[in-house]
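Read the numbers this way: they start at 1 and go in the same order the structure lists the ligands and their atoms. When a residue number appears, it is its place in the shown sequence, counting from 1. Computed from heavy atoms alone, side chains included, the values below leave out hydrogens, waters and symmetry copies.
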Amino acid sequence: MTRMAPLLARNEQFAANYTPGPLGPPTEQMVIVSCLDHRVDPAITLRLQLGDAPVIRNAGGRVTQAVIDDISFLAYLAEQLFGAQVEGDRLFEVAVIHHTQCGTGLLADPGFRHQVAEATGLAEAALGASAVADPHITVKADVEHLLAAPSLSPKVSVSGHVYDIATGHLTPTVDARYP
Ligand SMILES: [Zn+2]
């Protein structure tokens with residue numbers, strides 16, 4: 001018996017009314033970067049539909065090198081596949097979303113960080129770098145980090161937002177800007 005059983009049943013219901021869509025540019029011309037926390041799923045909080053926007057999620061919603069690589073690849077794909085369909089020199093906007101009460105905030109505590117490093121073998125410095133203690137500060141830093149990435153397409157803009165777990169509200173904190 002698998003714990004997937006109830007989810008597989010939900011999938012049966014989903015597939016019963018499903019119509020596949022063609023491969024095309026994301027309807028909203030957005031890419032979302034978000035924390036993997038199960039309380040902040042952008043499909044729910046932003047009411048995304050299938051085909052609306054690719055979502056990249058990791059601990060904290062941090063702009064890591066892996067995230068930069070994915071966005072660079074998505075921009076290349078978008079240019080190659082749909083370049084003619086997008087207006088002017090815009091491919092998509094990346095919205096970086098950090099949130100309050102983030103579990104990675106615990107990593108701001110050196111004692112806890114040391115404990116995690118000991119137990120998992122992960123590098124203490126990398127753990128410290130992924131901490132979201134104040135989402136308003138880290139989201140600004142990550143927007144700047146992404147905008148400064150040499151591989152970022154000049155046709156991709158970046159904005160920053162903070163999601164409040166207590167209210168369900170998403171607040172824009174950094175205006176969209178091109179590199
Ligand atoms: Zn989080």
Check: So which residues get pulled into Leu8's cluster when ILVMFWY side chains under 4.5 Å apart are joined, directly or through others?
Finding: Met4, Leu7
Next item on the list: Go through the steps to decide whether Arg57 and Asp37 satisfy the test salt bridge (Lys or Arg N to Asp or Glu O under 4.0 Å), and finish with yes or no.
Entry: CA-CA 9 Å; Arg57 302 181 71 180; Asp37 192 314; over 6 Å; no
Checklist line | Neighbour count >12 (heavy atoms, 6.0 Å) for atom OH, Tyr76 | finding: no
Notebook entry, point to check: So do Ser151 and Ile68 actually touch side chain to side chain, heavy atoms under 4.5 Å?
Noted result: yes
Item checked: Heteroatoms of the protein, restricted to N/O/S, which lie under 2.8 Å from the Zn ion (ligand 1) -> Cys35 SG, His99 NE2, Cys102 SG
Notebook entry, point to check: What about Val67 and Val158, same hydrophobic cluster or not, with Ile/Leu/Val/Met/Phe/Trp/Tyr joined at side-chain heavy-atom distances under 4.5 Å?
Noted result: yes
Notebook entry, point to check: Do Lys155 and Glu93 pass the salt bridge (Lys or Arg N to Asp or Glu O under 4.0 Å) test, and can you show the C-alpha distance, the side-chain angles, and the key distance before you say yes or no?
Noted result: CA-CA 9 Å; Lys155 299 179 179 180; Glu93 175 180 330; over 6 Å; no
